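These numbers come from a predicted model, not from an experiment. The basis for the numbers below is simple: all heavy atoms, side chains too, and nothing from hydrogens, waters or symmetry mates. Every chain is numbered from 1 and lettered A, B, ... according to where its sequence line falls, protein lines coming before strand lines.
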2 protein chains.
Amino acid sequence: MRVTRMLIPTLREVPAEADAISHQLLLRAGMVRRVAAGVYSLLPLGNRVVKKIEKIVREEMERAGGTELLLPIIQPAEVWHESGRWNVYGPELFRLQDRHGRDFCLGPTHEELITTLFRQEIKSYRQLPLLLYQIQNKYRDERRPRFGLLRGREFIMKDLYSFDRDEEGLDISYRKMYEAYTRVFSRCGLVFRVVEADTGAIGGTNSHEFMVLADTGEEELVFCSLCDYAANTEKAPCRPQGEQEEEARPLQLVATPAARTVDDLASYLGVDARKILKSLFFDADGEPVVVLVRGDRSVNETKVKNFLLANSLEIADEVEILNRYGVPMGFAGPVGLREKMPVKILGDEEVRALSNAVAGANRVDYHYLNVNPGRDFDVDVYGDFRTAQEGDPCPLCGAPLQVCRGIEVGHIFKLGTKYSEALKATIIDEKGNEVPVVMGCYGIGITRTMAAAVEQKHDQDGIIWPVAIAPYEVVLMAVNQGDALHARYAEELYREFLQAGIDVIYDDRLERPGVKFKDADLIGYPARVVIGKKMVSEGLLEIKWRETGETVLKKRSEAVEYLRQKLSAMRSREGE
Amino acid sequence: MRVTRMLIPTLREVPAEADAISHQLLLRAGMVRRVAAGVYSLLPLGNRVVKKIEKIVREEMERAGGTELLLPIIQPAEVWHESGRWNVYGPELFRLQDRHGRDFCLGPTHEELITTLFRQEIKSYRQLPLLLYQIQNKYRDERRPRFGLLRGREFIMKDLYSFDRDEEGLDISYRKMYEAYTRVFSRCGLVFRVVEADTGAIGGTNSHEFMVLADTGEEELVFCSLCDYAANTEKAPCRPQGEQEEEARPLQLVATPAARTVDDLASYLGVDARKILKSLFFDADGEPVVVLVRGDRSVNETKVKNFLLANSLEIADEVEILNRYGVPMGFAGPVGLREKMPVKILGDEEVRALSNAVAGANRVDYHYLNVNPGRDFDVDVYGDFRTAQEGDPCPLCGAPLQVCRGIEVGHIFKLGTKYSEALKATIIDEKGNEVPVVMGCYGIGITRTMAAAVEQKHDQDGIIWPVAIAPYEVVLMAVNQGDALHARYAEELYREFLQAGIDVIYDDRLERPGVKFKDADLIGYPARVVIGKKMVSEGLLEIKWRETGETVLKKRSEAVEYLRQKLSAMRSREGE
């Protein structure tokens with residue numbers, strides 16, 4: 001393709017609207033444009049990246065036994081009423097009415113439609129397993145769309161649904177998808193980790209997230225330095241650690257003027273944050289709950305919420321704490337707390353192991369020293385209520401955990417019979433019994449994968465696309481397109497590359513070389529081939545590799561083979 | 001692909017909901033399912049046909065210099081207000097609001113978005129021509145969705161927009177698209193005609209429709225038996241014909257009891273319908289208009305409406321005619337009509353050539369004989385107000401026209417500056433002047449093309465797919481899948497076909513051969529390869545061709561080559 005036939009509106013300035021690196025670079029590289037909040041046009045280069053990702057996804061879904069279909073985007077409300085989600089889904093569901101006043105929504109996901117399709121068409125276990133997938137736009141009316149393609153309101157997803165006769169079948173389908181996803185993101189040339197994940201609103205019993213690693217990622221994850229373990233931080237279990245080691249000393253009230261934070265207190269008293277007991281106040285479905293963790297720890301709200309089986313868990317603010325408990329924030333503690341008000345107290349396992357700790361005295365500017373669990377306070381239950389941190393022992397092997405950030409690009413769930421029961425999608429099993437079909441669902445954010453790739457692979461000059469998903473693998477240009485000889489060489493070489501099957505774009509604009517070089521770096525084509533004076537004088541092309549900056553001179557006759565081999569080697573390396 | 005891994009729910013009965021052949025057969029062949037009125041799921045086989053059509057369309061758009069992008073489906077109301085279409089578009093536009101109450105619509109077409117994108121990004125004539133296209137879902141909230149995929153509310157379209165510096169540039173882009181469309185429908189293996197079309201609501205100055213011929217088509221078209229001329233009937237111009245030939249005889253009132261229709265009258269009076277003058281009453285934007293045509297002709301409402309520059313034209317009913325003019329329907333005529341009420345009278349050119357004609361006397365059960373235009377009545381204007389018929393002279397060469405029916409699958413328009421002026425999409429031309437860019441738009445109904453193919457190519461047993469867009473080109477099956485030997489041959493052959501690159505589906509179900517044969521015919525795979533007794537005894541495969549019914553026996557070693565050559569020859573023949 002020729003640049004003059006394309007629409008590639010690159011920008012030199014960072015657009016004010018862009019709040020993430022990928023958003024900035026995709027705008028600057030002329031790959032996307034904003035149409036409304038969270039709604040984007042994919043310009044020709046962005047569309048090419050998306051189509052390449054889609055192709056990889058299709059190939060791996062087919063290899064895993066998946067069959068493609070295409071369900072509607074507009075879905076009638078009736079099936080959402082049947083599943084019970086019409087009222088539950090809330091304002092994230094785009095809703096509309098047709099001219100006759102009938103309710104529809106724009107599909108954020110397709111469990112309802114695929115399950116009712118299954119219900120109509122499939123009767124017997126003999127027709128299973130069945131893996132059906134589609135690639136299409138999805139809709140989610142985010143309250144605050146942001147980060148460009150990372151959190152949009154219209155985005156492209158691949159969603160696959162598996163149907164099996166029983167849990168063993170589901171395990172097999174799930175494993176197949178796990179492996180297919182691993183191949184997809186490997187082939188896309190991305191560094192990623194698979195983590196155990198919380199199942200959230202979709203429900204189900206088991207779930208993994210595929211995370212593209214990037215410092216700018218929205219999600220935090222932990223992974224083991226030794227074994228394969230990795231998990232979303234909110235999900236990673238923490239091991240009980242240690243026992244009370246010191247002999248208990250007498251409880252002692254001390255003045256700690258204005259020492260409201262753990263840091264203040266640690267430095268004022270000259271103690272380690274690990275010896276301080278932190279008390280956090282929550283409202284769980286309207287009930288007060290206090291959670292105790294060590295001063296160097298954070299409460300894991302997901303774990304607390306799951307433990308309490310609560311629908312909502314909100315941290316209490318200063319006013320609320322004072323009004324409800326008569327306790328000044330920053331000086332709260334478990335000693336004598338129940339005398340002020342009946343309250344449920346959850347203690348993290350590590351708190352049980354504290355001896356002679358520091359805790360708030362529930363009185364402004366005062367703390368207790370030598371607080372000992374059991375002797376000075378009790379809790380309703382000890383459990384795993386903290387968030388895993390760098391250096392914590394791996395729950396599988398005990399080696400130290402490491403922490404990194406990532407972007408969720410894939411998510412696989414075991415749904416079980418949640419939807420098949422609600423929507424009465426049953427099969428007749430071997431024994432002639434009618435049983436609900438066992439389902440899984442598996443999503444890949446296609447446009448999000450594009451953005452995540454940019455978050456992971458860029459430098460100060462622009463994007464560095466993996467070969468497999470680059471808009472074009474090679475950009476070809478003449479230093480001086482206005483020079484008839486340069487232009488002729490470029491035209492010839494362009495045709496030669498096309499005939500050799502090289503995925504090439506030809507920058508045939510009458511622009512200064514500096515402009516073309518900057519655009520090439522910004523857009524991030526893996527290889528740049530330049531026709532300059534050396535071509536005229538010595539028959540040599542300059543080939544520069546975007547990732548390493550390496551520049552080589554090659555004879556024209558060797559260029560095609562060199563490019564082909566090197567690009568193929570890069571793709572293989574990326575795909576590992 | 002194996003049938004047992006697919007979802008191909010064929011039906012033996014014709015579904016009650018289906019009102020067109022293509023709708024019936026696509027449902028019966030397990031290719032589509034209805035989700036709501038005018039909203040369909042594409043099941044795996046239907047999805048494959050669509051993807052094959054999309055691939056052909058993409059290749060031809062790229063060959064013509066088009067560049068693919070992807071605009072959003074949800075479009076903010078602002079740009080529709082700017083173009084003035086938000087209020088004009090009416091109830092066919094699906095509208096919705098986001099959580100903040102902002103108005104959006106689901107794109108029925110993308111002139112607004114592409115033109116504002118152009119406005120933002122393109123400044124100079126040097127960047128033109130530009131041909132941008134996309135393939136995606138479109139939405140139109142039809143009052144009465146029907147005929148399955150032929151008139152749905154959600155459907156897949158390819159839309160391309162051309163941008164040129166002037167009318168000459170547009171002519172070139174338009175010609176390119178005309179040729180690309182011709183190649184697309186040829187390659188799809190469809191019999192079609194290109195006709196001049198009315199531009200309708202989208203506007204613009206020039207337009208052609210690509211019509212797949214089918215007896216069941218919604219549109220009527222005429223084409224010349226000698227030259228290349230073809231047109232939508234509503235658009236085809238009619239030549240003025242003949243002159244008054246007889247000497248005028250005296251006007252004579254005759255009783256014609258109960259002869260209300262042209263046929264009644266012709267047989268009662270023993271005259272040719274061509275000698276009868278037909279008077280039709282309309283309401284054009286609230287004004288009364290009478291149109292006169294010969295008794296053997298139909299009024300062309302499109303021509304009348306365009307001539308009057310009317311927004312609406314409604315034919316008047318019996319009660320209205322009686323109340324407004326005091327004229328009994330069936331006995332109306334132009335003689336003395338203006339004395340009853342001031343009315344605009346339009347006469348078709350052929351009416352001027354009548355002599356001694358029959359016309360209603362505006363009195364129940366009476367007509368006049370020997371009515372002569374000019375002497376007995378006058379009209380406001382004579383013009384081309386009739387619809388072309390079989391046998392009429394071609395407006396280009398005069399040879400007799402033929403009539404057929406078709407389904408519109410493609411439509412190309414010269415938009416000119418309609419949208420660029422409304423949305424201020426300008427360029428700087430060679431002389432440094434800011435001028436509106438000159439646009440064209442070009443649509444192909446992808447899902448509609450699938451349905452049109454079925455309307456054109458089917459028999460009593462099912463669909464007969466052209467090779468190029470068949471869901472699979474070859475279906476392979478064993479007569480007795482339960483027989484270990486048959487099954488082994490089938491498995492081997494399946495792998496052999498796949499390796500040879502044959503587009504094959506393997507019907508590996510444990511079903512009776514009759515069921516598999518019926519399904520193969522219904523679905524319409526071009527070739528059916530059967531492993532039966534002859535395979536075991538003599539090493540011969542039975543290959544049956546769906547289109548011709550021809551059955552041949554081939555040695556296993558020859559099968560791949562035979563299939564490949566024959567399928568390739570069929571594709572070439574189709575593509576002519």
Could you please spell out the steps behind the salt bridge (charged side-chain N to carboxylate O under 4.0 Å, His left out) verdict for A:Glu92 and B:Arg99? CA-CA 8 Å; A:Glu92 283 197 3; B:Arg99 63 196 293 158; 5.0 Å; no
When the 4.5 angstrom heavy-atom criterion is applied to B:Leu106 and chain A, the contacting part is side chain
Relative to chain B, which segment of A:Arg34 carries a heavy atom at a distance below 4.5 Å: side chain, backbone, both, or neither? neither
Relative to chain A, which segment of B:Leu117 carries a heavy atom at a distance below 4.5 Å: side chain, backbone, both, or neither? side chain
Residue A:Arg126 versus chain B: region with a heavy atom under 4.5 Å: neither
Is B:Asn137 in contact with chain A via its backbone, its side chain, both, or neither, using a 4.5 Å heavy-atom distance? side chain
Side chain, backbone, both or neither: which part of B:Leu130 has a non-hydrogen atom closer than 4.5 Å to chain A? side chain
Side chain proximity check, B:Glu68 to A:Arg48, heavy atoms < 4.5 angstrom: no
Part of B:Phe104 lying under 4.5 Å from any heavy atom of chain A: side chain
Is there a side-chain contact between A:Ile73 and B:Ile73 in this structure, where contact means two heavy atoms from C-beta onward sitting under 4.5 Å apart? yes
Go through the atoms of A:Glu142 and report whether side chain, backbone, both or neither lie under 4.5 Å from a heavy atom of chain B. backbone
Using non-hydrogen atoms only, which part of B:Ile122 is less than 4.5 Å away from chain A: side chain, backbone, both, or neither? side chain
Part of B:Glu154 lying under 4.5 Å from any heavy atom of chain A: side chain
